[in-house]
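Start at 1 with the first residue, then count along the sequence. Scope of the values below: all heavy atoms of this structure, side chains included, with no hydrogens, waters or symmetry mates. Predicted, not measured: the structure shown is a model, and the values here were computed from it.
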Amino acid sequence: QEEIVVNTFAEAGIPSILNSSSSGPGMTGPHAYALTGGYPGTLGLFALAAKEAGVTKLAHMVTDVPAATGAAKALGGITFGNAGVGYEVVAVPLGTPDFSATMQTAVAGGADALMATGDASFCSSFFKAYKALGLDLKKFVISVCVTDSVIQEAGDVLAGSYSQAA
């Protein structure tokens, strides 16, 4: 929807002022202005934090929908690569209640940190899998993962996670 609005406004010569953006036109349009760094800013923040924490490879577990996986692949590889941190996108099918096996495969592939991008139920499943596997790796999670409902479900496994301000 954002892309349609931004393009329509641009054609009419009307600027678009957005809280944040994840669309091409919203991030690069000649009349589009974002007030925050949005998803690219989050990836940059996490890449820097991962580098400073000594992470060598981060597996980014993402809800498998084109907007999420596309942005993660297009921006994450560049951002983490520029920080000197290995990066892999792990697409998790929408609605998967248990992705312990997927997470275990990512860890077996050399990931020493994990990142979650999805909705609240995705985040809950991420933390359940992390706990079930008994992992002790760095965790990077978007602000959706630190809402009251996720915090109640995740419990102490959320401790030590890196997140950005909402």
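Linking Ile, Leu, Val, Met, Phe, Trp and Tyr residues whenever their side-chain heavy atoms come within less than 4.5 Å places L133 and V92 in a single cluster.
A ring-centre distance under 6.0 Å is found for F122 and F99.
Heavy-atom minimum distance, F127 versus S161: CE2-OG, 3.9 Å. Counting all heavy atoms, side chain and backbone alike, G76 lies closest to L43 at N-CD1, 3.9 Å. Nearest heavy-atom pair across A59 and V90 is CB-CG2, 4.2 Å. V144 and A120 get closest at one heavy-atom pair: CG1-N, 3.5 Å.
Between the CG atom in L158 and the NZ atom in K131 there is a gap of 11.5 Å [rounded to 0.5 Å]. Rounding to the nearest 0.5 Å gives a distance of 13.0 Å between OH of Y87 and CG of N82. Within the model, atoms CD of E153 and SG of C145 stand 11.5 Å from one another, a figure rounded to the nearest 0.5 Å. The CZ atom of F80 sits 10.0 Å away from the CG atom of L48 when rounded to the nearest 0.5 Å. One distance of note links OG1 of T56 with NZ of K51; it measures 14.0 Å at 0.5 Å rounding.
Judged purely by atom type and a 3.5 angstrom limit, K128 has no side-chain atom pairing as donor or acceptor with the backbone of P97. T63 contributes no side-chain N or O that, together with a main-chain N or O of L94, makes up a donor-acceptor pair within less than 3.5 Å. Remark: side-chain polar atoms of S163 are paired, donor with acceptor, to backbone N or O of V141 under 3.5 angstrom.
You'll find the side chain of L137 reaches within 4.5 Å of the side chain of Y130, heavy atoms only.
Ring planes of F140 and Y162: parallel class, angle under 30° (limits at 30 and 60°).
Atom NZ of K139 has more than 12 heavy atoms from other residues, nucleotides or ligands within 6.0 Å.
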F46/L58 under side-chain contact (heavy atoms from CB on, under 4.5 Å): CA gap, chis, key distance, verdict: CA-CA 10 Å; F46 287 169; L58 182 137; 5.9 Å; no
